[in-house]
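Here's the structure, in structure tokens; my notes come after.
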Amino acid sequence: KEVFSNFRFDEYLSGYALNEDVEFSYRVSRKYKLYQTPYAKMIHERTAINRIDLEEFSQMRIVNNYYFFKKNMPKKLKNKIAYLWSQTGFIILSIIQTARHYRHLKFQLIIGLIKGYIKILKGKIAI
């Protein structure tokens, strides 16, 4: 209860978002120790409402990852290198997934990546 009275989910990551739980947990972990339990139970029910297409998903993955990095990570060289390495992974993964499932994916993942990077370069991320 104390955690939720002291910490709020980031409004930038509201609605259908990716990594809002990671961003919240990271900030909480700066003050409290986090624990895992194999006994916790959760039901995650999916709905077709508010689902986004693969292009939007890919763009959101890039933008939200950047947002998390800029907001929470100290601007040390090792963190910048780790961030760039993670982006390299996203690019390689998107290329491999597109090549393996071209008929289904077309170029949606890659187009989403490009749109995400353009959004970042244009400075359209509120931090």
Side-chain angles (χ1 to χ4, degrees):
K1 184 176 178 181
E2 183 180 333
V3 168
F4 288 104
S5 63
N6 291 326
F7 293 90
R8 300 275 181 240
F9 279 91
D10 189 324
E11 291 296 319
Y12 180 80
L13 301 171
S14 64
Y16 184 86
L18 293 172
N19 295 332
E20 73 282 1
D21 53 344
V22 172
E23 197 279 330
F24 178 81
S25 299
Y26 178 80
R27 286 186 289 117
V28 170
S29 75
R30 304 294 99 201
K31 183 173 181 180
Y32 298 99
K33 201 170 209 174
L34 299 181
Y35 293 94
Q36 285 184 305
T37 176
Y39 305 109
K41 294 189 182 203
M42 181 187 96
I43 298 173
H44 185 189
E45 295 183 15
R46 297 183 136 213
T47 177
I49 299 171
N50 294 331
R51 289 286 157 198
I52 60 174
D53 64 27
L54 288 171
E55 184 179 312
E56 289 175 285
F57 173 84
S58 184
Q59 178 178 335
M60 186 183 293
R61 179 168 57 180
I62 296 304
V63 169
N64 288 6
N65 190 268
Y66 176 77
Y67 178 81
F68 175 85
F69 173 75
K70 291 298 278 187
K71 180 180 175 188
N72 295 299
M73 293 291 107
K75 305 309 177 255
K76 295 179 179 177
L77 181 60
K78 70 177 185 174
N79 291 341
K80 290 178 182 181
I81 291 170
Y83 171 76
L84 291 173
W85 184 248
S86 74
Q87 296 309 297
T88 302
F90 285 140
I91 293 167
I92 292 169
L93 180 63
S94 295
I95 291 169
I96 290 170
Q97 287 176 325
T98 298
R100 289 182 71 199
H101 306 285
Y102 176 74
R103 287 207 284 180
H104 174 65
L105 299 178
K106 305 284 187 236
F107 287 100
Q108 291 175 308
L109 292 174
I110 295 170
I111 292 168
L113 284 175
I114 293 167
K115 286 184 175 181
Y117 291 126
I118 289 170
K119 191 173 183 178
I120 290 167
L121 291 172
K122 286 185 174 181
K124 295 189 177 187
I125 313 297
I127 300 175

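- Pairs of residues two or more places apart, or lying in two chains, never qualify as side chain to side chain donor-acceptor pair (under 3.5 Å) while including a residue from residues 74-83.
- Pairing each heavy atom of N65 with each of S86, the nearest pair is OD1-OG, 3.8 Å.
- Taken together through direct or relayed side-chain contacts under 4.5 Å among Ile, Leu, Val, Met, Phe, Trp and Tyr, I62 and F107 form part of one hydrophobic cluster.
- Applying the under-4.5 Å side-chain rule to Ile, Leu, Val, Met, Phe, Trp and Tyr, the cluster around I81 extends to L77.
- Closest of all the heavy-atom pairs between D10 and K71 is OD2-NZ, 2.6 Å.
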Donor-acceptor pairs are to be reported for all side-chain atoms of residues 113-127 against protein atoms at under 3.5 Å, with residues two or more places apart or in another chain.
| unit_1 | atom_1 | unit_2 | atom_2 | d |
| --- | --- | --- | --- | --- |
| K115 | NZ | E55 | OE2 | 2.5 |
| Y117 | OH | Q87 | OE1 | 2.8 |

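- In this structure, W85 shares a hydrophobic cluster with no other residue, the cluster being traced through Ile, Leu, Val, Met, Phe, Trp and Tyr side chains under 4.5 angstrom apart.
- For R61 and F57, the positive end is not near the middle of the six-membered ring at less than 6.0 Å and at most 45° from its axis.
- A search for side chain to side chain donor-acceptor pair (under 3.5 Å) contacts involving S58 returns nothing, not counting sequence neighbours.
- Placement of L34 and Y26 in two distinct hydrophobic clusters is found when ILVMFWY residues are connected by side-chain heavy-atom separations under 4.5 Å, directly or transitively.
- Evaluation of the ring pair (Phe, Tyr, Trp, His ring centres under 6.0 Å) rule for Y32 yields no partner, not counting sequence neighbours.
- Under the 6.0 Å cut-off for aromatic ring centres, F4 and F24 qualify, their centroids lying closer than that.
- M60 and L18 get closest at one heavy-atom pair: SD-N, 3.6 Å.
- Taking the ring centre of Y102 as origin, the terminal cationic atom of K106 falls inside the region bounded by 6.0 Å and 45° from the ring axis.
- Distance alone, capped at 3.5 Å, places no donor-acceptor pair between the N64 side chain and the N19 backbone.
- Under the 4.5 Å side-chain heavy-atom criterion for ILVMFWY residues, a single connected hydrophobic cluster contains both L84 and V63.
- No continuous path of ILVMFWY side-chain contacts below 4.5 Å connects F9 to V22, so the two sit in separate hydrophobic clusters.
- Scanning both residues, R27 and F7, for their nearest heavy atoms gives O-CE2, 3.7 Å.
- The line from CD of Q108 to NE2 of H101 is 13.0 Å long, rounded to the nearest 0.5 Å.
- Taking CD of E20 as the reference point, atom OH of Y12 lies at 13.0 Å (rounded to 0.5 Å).
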